[in-house]
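Structure first, commentary second.
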Amino acid sequence: MRVSERQGTLRLALIVLLTGLLIATAAPATARPEDPGRIDTGTYTSGVLTYTYETFVPDDLPADPALVVMIHGCKTTAEQQRRANLLDPIARRGGFVVLYVDVSPFHLLQQRCWSGLLTPALESRTSGDAAAIAAMTRLAIERYHVDADRVYALGMSSGAYETTLLGAYFPDLFAAIGVHSGAAFDHGALGCVGPYLPTISTEQLAAQALSAEGRYRRMIPVIGFHGDADLAVPYECGRQVIEQWRQTDNLVPAPEAAPYEIPPQPTSITDGVADVPEGHPYTVESWHQAEASCPALQLWTIHEMAHYWSGGSTDPDAAEFTDARGPSASLAAWNFFSHIRRTDAGFRCE
């Protein structure tokens, strides 16, 4: 075996091993009473791969609603994610649609992980899971008459790795993204699953993300969530998400005379404790542009939390997937998204 072949084999074995760390914390969530609304299901075929999806549609859906695209983690289905993170009742109250995308049968070979975790270099605007998710998103926009300037992506674990790719490859589609327990654009598993072993600088990742945006480049608002006791995806990788996007956003040419740059230090820091029994303490850091009424970036650090979705179902059968002692990531994400409208140059606070 040649040296290059041996290195390739070792790399694949390491990826499989590291992926196991993500899988270990994922478990099916139990059923709960449905919120007023309906669940539509469908499939999307891209080449030889057929993806499935579920869509939660509130009964009292307003005209031109917003859309949140939820992307699950490894060894999890769209339905399990939907029942675990309790985004549906927030959608009912907020009057928006939630699209829960799911992997294809081929992805069973990689434990239902999205390819943004394992092979991010194969993802692009026209290929891979990122292109398929974008296509399913467009179908939902058309079917539910969604306001095209209020479309957001939110991912957990391997879904969060995929979400950072969506932000860069489709800035013309997604107004903002949410990254829960994931990594920066194109980082992948090596170095950000298991021990923190950064394989590329944040500056390089920021430049690569800008290049991926191409002629659609614009400022992308990002909200991140990460437990500082996460042993599967290191907390440092969650912080790098925010710094990478801060640098990427600052590389986008600013409109004339616009106060565009995001400062290196957060403009506000607040501490709290989740309002649940034995709630986790947390810290929220926000980065605002000058005179902006909503943050461009926000990072929620949930102290003492491992690799789980923060908040969500309190059912004991969901305990291996969600940490109900954390603040609700679903509610925090919607609160962030709901103030953001996509523009050609970036976003407008509403």
Side-chain angles (χ1 to χ4, degrees), residues 22 26 28-29 32 34-35 37-44 51-58 61 65-104 107 112-114 116-117 129-130 132-141 143-144 146 150-167 170 173-182 222-225 300 308-313 318 321-322 328-338 340:
L22 297 180
R32 60 178 172 78
E34 298 296 339
D35 293 288
R38 71 175 191 273
I39 303 297
D40 294 337
T41 60
T43 62
Y44 173 77
Y51 300 79
T52 60
Y53 56 85
E54 294 189 357
T55 310
F56 175 75
V57 185
L61 190 67
L67 170 67
V68 174
V69 181
M70 182 68 225
I71 308 163
H72 65 70
C74 294
K75 208 173 182 180
T76 311
T77 67
E79 180 181 8
Q80 290 165 355
Q81 186 73 54
R82 182 177 66 81
R83 294 183 180 278
N85 64 6
L86 303 186
L87 189 56
D88 290 358
I90 299 169
R92 174 176 53 79
R93 294 192 301 269
F96 61 92
V97 177
V98 188
L99 171 65
Y100 297 89
V101 294
D102 211 338
V103 294
S104 74
H107 291 75
R112 301 187 65 83
C113 297
W114 297 93
L117 169 70
D129 295 341
I133 293 171
M136 288 184 276
T137 301
R138 293 190 182 100
L139 289 175
I141 292 172
R143 178 173 184 178
Y144 303 108
V146 166
R150 296 195 299 144
V151 178
Y152 316 97
L154 176 61
M156 168 63 189
S157 192
S158 79
Y161 284 74
E162 197 69 41
T163 299
T164 58
L165 299 178
L166 291 172
F170 298 95
L173 182 60
F174 297 102
I177 61 173
V179 181
H180 197 312
S181 307
V222 179
I223 184 170
F225 304 89
W300 287 64
Y308 301 101
W309 180 269
S310 182
S313 175
F321 180 66
T322 63
S328 171
S330 296
L331 180 59
W334 174 243
N335 287 341
F336 180 85
F337 292 152
S338 65
I340 292 170

- Item | Sidechain-backbone polar pair: Glu162 side chain, Leu117 backbone, donor-acceptor under 3.5 Å | no
Nearest 0.5 Å, please: how far is [atom2] in [Y] from [atom1] in [X]?
X      : Y      : atom1 : atom2 : value
Trp334 : Leu154 : CH2   : CG    : 11.5 Å
Asp102 : Thr41  : CG    : OG1   : 11.5 Å
Trp114 : Leu165 : CH2   : CG    : 12.0 Å
Asp88  : Phe56  : CG    : CZ    : 4.5 Å
Ile71  : Thr163 : CD1   : OG1   : 3.5 Å
Met70  : Tyr100 : CE    : OH    : 8.0 Å

Which atoms form the tightest heavy-atom contact between [X] and [Y], and what is the distance?
X      : Y      : result
Val146 : Ala140 : CG2-O, 3.9 Å
Cys113 : Ser158 : CA-OG, 3.8 Å
Arg83  : Ser313 : O-CB, 4.1 Å
Ala91  : Val98  : CB-CG2, 3.6 Å
Gly95  : Leu61  : O-CD1, 4.1 Å
Phe225 : Ala329 : CZ-O, 3.5 Å

- Task: Under the side chain to side chain contact (heavy atoms under 4.5 Å, CB included) rule, what do Leu99 and Tyr144 come out as? Steps first, then yes or no, please.
- Result: CA-CA 11 Å; Leu99 171 65; Tyr144 303 108; over 6 Å; no
Taking the side chain as everything from C-beta on, heavy atoms only, tell me whether [X] gets closer than 4.5 Å to [Y].
X      : Y      : result
Glu79  : Glu54  : yes
Arg112 : Thr77  : yes
Phe96  : Ile90  : yes
Tyr51  : Val101 : no
Ser310 : His180 : yes
Ile39  : Arg82  : yes

- Return the orientation label for the Tyr152 and Phe337 ring planes: parallel under 30°, perpendicular over 60°, tilted otherwise.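 Ring orientation, 0 to 90° scale: parallel.
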- Do Met156 and Thr76 pass the side chain to side chain contact (heavy atoms under 4.5 Å, CB included) test, and can you show the C-alpha distance, the side-chain angles, and the key distance before you say yes or no? CA-CA 10 Å; Met156 168 63 189; Thr76 311; over 6 Å; no
- Task: Report the C-alpha distance between Asn85 and Ser330 in whole Å, list the side-chain angles of each, state the deciding distance to 0.1 Å, and finish with yes or no for side chain to side chain contact (heavy atoms under 4.5 Å, CB included).
- Result: CA-CA 7 Å; Asn85 64 6; Ser330 296; 3.7 Å; yes
- Would you check, one step at a time, whether the test side chain to side chain contact (heavy atoms under 4.5 Å, CB included) holds for Phe170 with Ile133? CA-CA 10 Å; Phe170 298 95; Ile133 293 171; over 6 Å; no
